[in-house]
Each structure stands twice: as structure tokens, then as C-alpha cells.
Amino acid sequence: MTVNAGVVAVQGDVSEHAEAIRSAANSHGMDADVTEIRRSGIVPDCDILLMPGGESTSISRLLAREGIDAEIQDHVDAGKPMLATCAGLIVASMDASDDRVETLNVIDATVDRNAFGRQKDSFEAPLDVKGLDEPFPAVFIRAPLIADVGGDAEVLATWDGNPVAVKDGPVVGTSFHPELTSDSRIHDLAFFGTQEATF
Ligand code: GLN
């Protein structure tokens with residue numbers, strides 16, 4: 001069977017995410033057809049969605065201008081999985097501590113843009129993630145800080161006392177970049193972890 005995957009493709013590591021999605025699908029005996037999203041009309045046909053990193057202001061501007069924002073909210077309301085990483089997490093949150101970012105309010109958490117970045121530009125850390133047996137090699141690049149997690153969201157991982165991965169219903173958000181290693185377990189967890197039967 002083939003899963004229809006959509007990757008928001010304003011900027012960010014689109015091909016790396018596509019590769020990780022295919023690898024995760026393959027490990028479940030499935031294929032993934034990956035489509036880049038730059039306009040409305042694609043999201044409604046997607047089983048799974050990925051919102052990569054980049055610059056959250058640019059991503060949110062494109063989503064609003066093209067009317068993709070409401071389509072993503074409908075996707076999540078329908079209980080379909082989405083993985084939002086780094087700037088994607090910022091856009092998916094309830095508040096980004098920056099008026100230039102129009103958040104989608106699909107992850108019950110507030111985020112502070114560039115908070116880690118003020119301390120350290122980028123770093124890699126072995127991360128214990130709920131649902132994974134072995135630590136995940138997490139790469140943080142100008143990462144947002146998850147400032148507050150609301151009652152609807154569950155913390156999947158913390159680093160230095162701060163949440164860095166959260167799950168709210170069908171949406172997983174990470175402040176790190178899971179596409180930058182050949183390890184596709186975060187994509188697997190977000191897309192196939194508990195939902196395999198629904199495809
Ligand atoms: N700090 C960036 C932003 O605010 C996110 C960085 C990233 O995605 N690597 O959009």
C-alpha cells in the first residue's frame with residue numbers, strides 16, 4: 001500500500017524529510033508518495049503531513065497567503081498525522097512569542113523562537129524519547145524553546161530540563177531536526193507509531 005505524504009516546501013530539508021518518510025514507510029512494508037506543498041489543494045489528498053524547519057515567519061506567510069493554513073487545520077481535525085520540526089513546530093504551536101508568526105494552534109504549547117539559539121547556535125545530543133528504545137541523535141539548529149506545554153499535549157522528550165518533543169493528538173512537534181541523520185525513528189513514531197491500522 002502507498003501512503004500519500006505532503007511536505008510543506010517553502011524552505012527546509014524537503015528531500016531529507018522525504019527520504020526519512022519513505023524509509024519509515026518501507027519499514028512497515030508500505031511505500032510513500034511524497035508531494036511538495038506550495039499551494040492549496042494538495043493537503044486534502046494527503047494521509048500524512050510534514051512541516052519542516054526554516055524560518056517560521058516565511059512559512060507562516062506562505063501558508064496564510066495560499067490558504068494552506070486552514071487545510072492543515074482540517075487535516076489535524078480529521079485525526080491525520082503531522083510531524084512539525086523546528087520552525088514547523090513554531091508555526092504549529094499556539095503562540096510563538098513573535099507577532100510576525102501566524103500560528104496554526106494545532107499543538108497545545110507556546111514556543112519562544114530562537115531561544116536556544118541565543119545560547120548556542122547548533123548542537124547534537126543523544127535524546128531519550130518516549131516510545132523509542134534507544135536514544136535518538138537529535139540535531140538542534142537555532143532551535144525554538146518550548147516555553148509552556150498545555151494540558152492537551154504530552155511531552156515526549158526533554159533536554160536540559162526543557163521539553164524538546166511534544167505530541168498533541170495526531171501531531172508530533174520537535175524543536176530539533178530529525179531529518180539530519182539517517183535515523184528515521186522520529187518519522188516512524190509520528191506517522192506509523194500508533195496509526196498503522198488506519199492507512
Ligand atoms: N529559529 C528559526 C525560526 O524562528 C527556526 C530555526 C530552524 O528551523 N532551524 O523560524
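Each ligand, and each atom within it, is numbered from 1 in the order the structure gives.
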Next on the checklist: Between Glu55 and Arg142 (salt bridge meaning N to carboxylate O under 4.0 Å), is one present in this structure?
Outcome noted: yes

Checklist entry - In terms of side-chain heavy atoms, does Thr103 have a donor or acceptor partner in Asn105 at a distance below 3.5 Å? => result yes

Checklist entry - What residues come within 4.0 Å of ligand 1, counting heavy atoms only? => result Gly53, Gly54, Glu55, Ser56, Cys86, Ala87, Ile90, Arg113, Asn114, Ile141, Arg142, His177

Next on the checklist: Taking side chain to side chain donor-acceptor pair (under 3.5 Å) as the definition, give me every residue that meets it alongside Glu124, ordered by chain and number, with sequence neighbours left out.
Outcome noted: none

Item to check | Pairs touching residues 145-154 that satisfy salt bridge (charged side-chain N to carboxylate O under 4.0 Å, His left out), sequence neighbours left out | outcome: Lys130-Glu154

Checklist entry - When you look at CD of Glu102, are more than 12 heavy atoms from neighbouring residues, nucleotides or ligands closer to it than 6.0 Å? => result no

Checklist entry - Which pairs, with at least one residue in residues 88-98 and sequence neighbours excluded, count as a salt bridge (charged side-chain N to carboxylate O under 4.0 Å, His left out)? => result Asp98-Arg100, Asp98-Arg113

